[in-house]
A.B. asks: 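Sharing a structure with you now.
Positions are given from 1 along the sequence.
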Amino acid sequence: MSELKIYLDKDINTELIKSKKIAIIGFGSQGYGQGMNLVDSGCNVILGLRQGGKSDIKARDYGLKTMPISEAVKWADIVQILIPDEIQAQVYKNEIEPNLKEGQYLMFSHGFNIHFKRIVAPQDVNVIMVAPK
């Protein structure tokens, strides 16, 4: 196994992410924190949420753009899954996987569903993890 490469702010060009369309799936504690951070940093963010649900209403109250999960996935270059671990596999199978396209980035902040193979990304989709811990 190769050594894990850790990137710090000094190692990257933060302007590159600003050229990407980012769909945040979920607006709980992780979706709120990471989504707001990206918006505040000048990134192009859409929240993929169940329309009319509590998170959708909360996000709109903050002035954020929302759309159904499947549409957000189609729109995005980067899809960040920030919904609870216990529902990720089902939402992935029903709403995310059918709408993924070659070259997209699928991003996680928790690795349980990837590690236990409840979510297996297509070979032509990039998988990255940005974990807060």
A.B. asks: Taking atom types as modelled, is there a side-chain donor on N99 or S70 under 3.5 Å from an acceptor on the other?
C.D. replies: no

A.B. asks: Taking all heavy atoms of I57 and all of G52, pick out the closest pair and write down the distance.
C.D. replies: CD1-O, 3.5 Å

A.B. asks: Are there more than 12 heavy atoms of other residues, nucleotides or ligands under 6.0 Å from atom CD of Q51?
C.D. replies: yes

A.B. asks: Salt bridge (Lys or Arg N to Asp or Glu O under 4.0 Å): which pairs involve residues 95-115, sequence neighbours left out?
C.D. replies: none

A.B. asks: What pairs with N126 under side chain to side chain donor-acceptor pair (under 3.5 Å), at least two apart in sequence or on another chain?
C.D. replies: none

A.B. asks: Do other residues, nucleotides or ligands put more than 12 heavy atoms under 6.0 Å from K18 NZ?
C.D. replies: yes

A.B. asks: So I22 and I17, do their side chains get closer than 4.5 Å, heavy atoms only?
C.D. replies: yes

A.B. asks: Quick check: does any side chain N or O of N113 sit under 3.5 Å from a backbone N or O of D85, one acting as donor and the other as acceptor?
C.D. replies: yes

A.B. asks: If the condition is side chain to side chain donor-acceptor pair (under 3.5 Å), which residues does R50 pass it with, not counting sequence neighbours?
C.D. replies: none

A.B. asks: With a 4.5 Å heavy-atom cut-off, do F108 and Q88 have their side chains touching?
C.D. replies: yes

A.B. asks: Which pairs, with at least one residue in residues 62-72 and sequence neighbours excluded, count as a salt bridge (Lys or Arg N to Asp or Glu O under 4.0 Å)?
C.D. replies: E71-K74

A.B. asks: Applying the 4.5 Å side-chain criterion to the ILVMFWY set and letting contacts propagate, would I114 and I128 be lumped into a single cluster?
C.D. replies: no

A.B. asks: Return the set of residues passing salt bridge (Lys or Arg N to Asp or Glu O under 4.0 Å) with E86 (not counting sequence neighbours), or none when no residue passes.
C.D. replies: none

A.B. asks: Search all heavy atoms of M129 against all heavy atoms of H110 and return the closest pair with its distance.
C.D. replies: SD-C, 4.0 Å

A.B. asks: Who passes salt bridge (Lys or Arg N to Asp or Glu O under 4.0 Å) against R118, sequence neighbours left out?
C.D. replies: none

A.B. asks: Checking L4 now: which residues fulfil side-chain contact (heavy atoms from CB on, under 4.5 Å) with it, not counting sequence neighbours?
C.D. replies: I6

A.B. asks: Please round to the nearest 0.5 Å and tell me the distance separating atom CD1 of I24 and atom OG of S55.
C.D. replies: 13.0 Å

A.B. asks: For N13, what residues pass the side-chain contact (heavy atoms from CB on, under 4.5 Å) criterion, not counting sequence neighbours?
C.D. replies: E15, L16

A.B. asks: Let me check something: any side-chain donor-acceptor pairs from residues 35-48 under 3.5 Å, sequence neighbours excluded? List them with distances.
C.D. replies:
from : atom 1 : to  : atom 2 : distance (Å)
N37  : OD1    : S41 : OG     : 3.4
S41  : OG     : N37 : O      : 2.8

A.B. asks: Check side-chain contact (heavy atoms from CB on, under 4.5 Å) between V125 and all other residues, then give those that pass, not counting sequence neighbours.
C.D. replies: L100, L106, P122

A.B. asks: Taking ring pair (Phe, Tyr, Trp, His ring centres under 6.0 Å) as the cut-off, I'd like each qualifying pair that reaches into residues 31-89, sequence neighbours left out, listed once.
C.D. replies: F27-Y32, Y32-Y62

A.B. asks: Taking side chain to side chain donor-acceptor pair (under 3.5 Å) as the definition, give me every residue that meets it alongside Q104, ordered by chain and number, with sequence neighbours left out.
C.D. replies: none

A.B. asks: Taking C-beta and beyond as the side chain, do I81 and Y92 meet within less than 4.5 Å on heavy atoms?
C.D. replies: yes

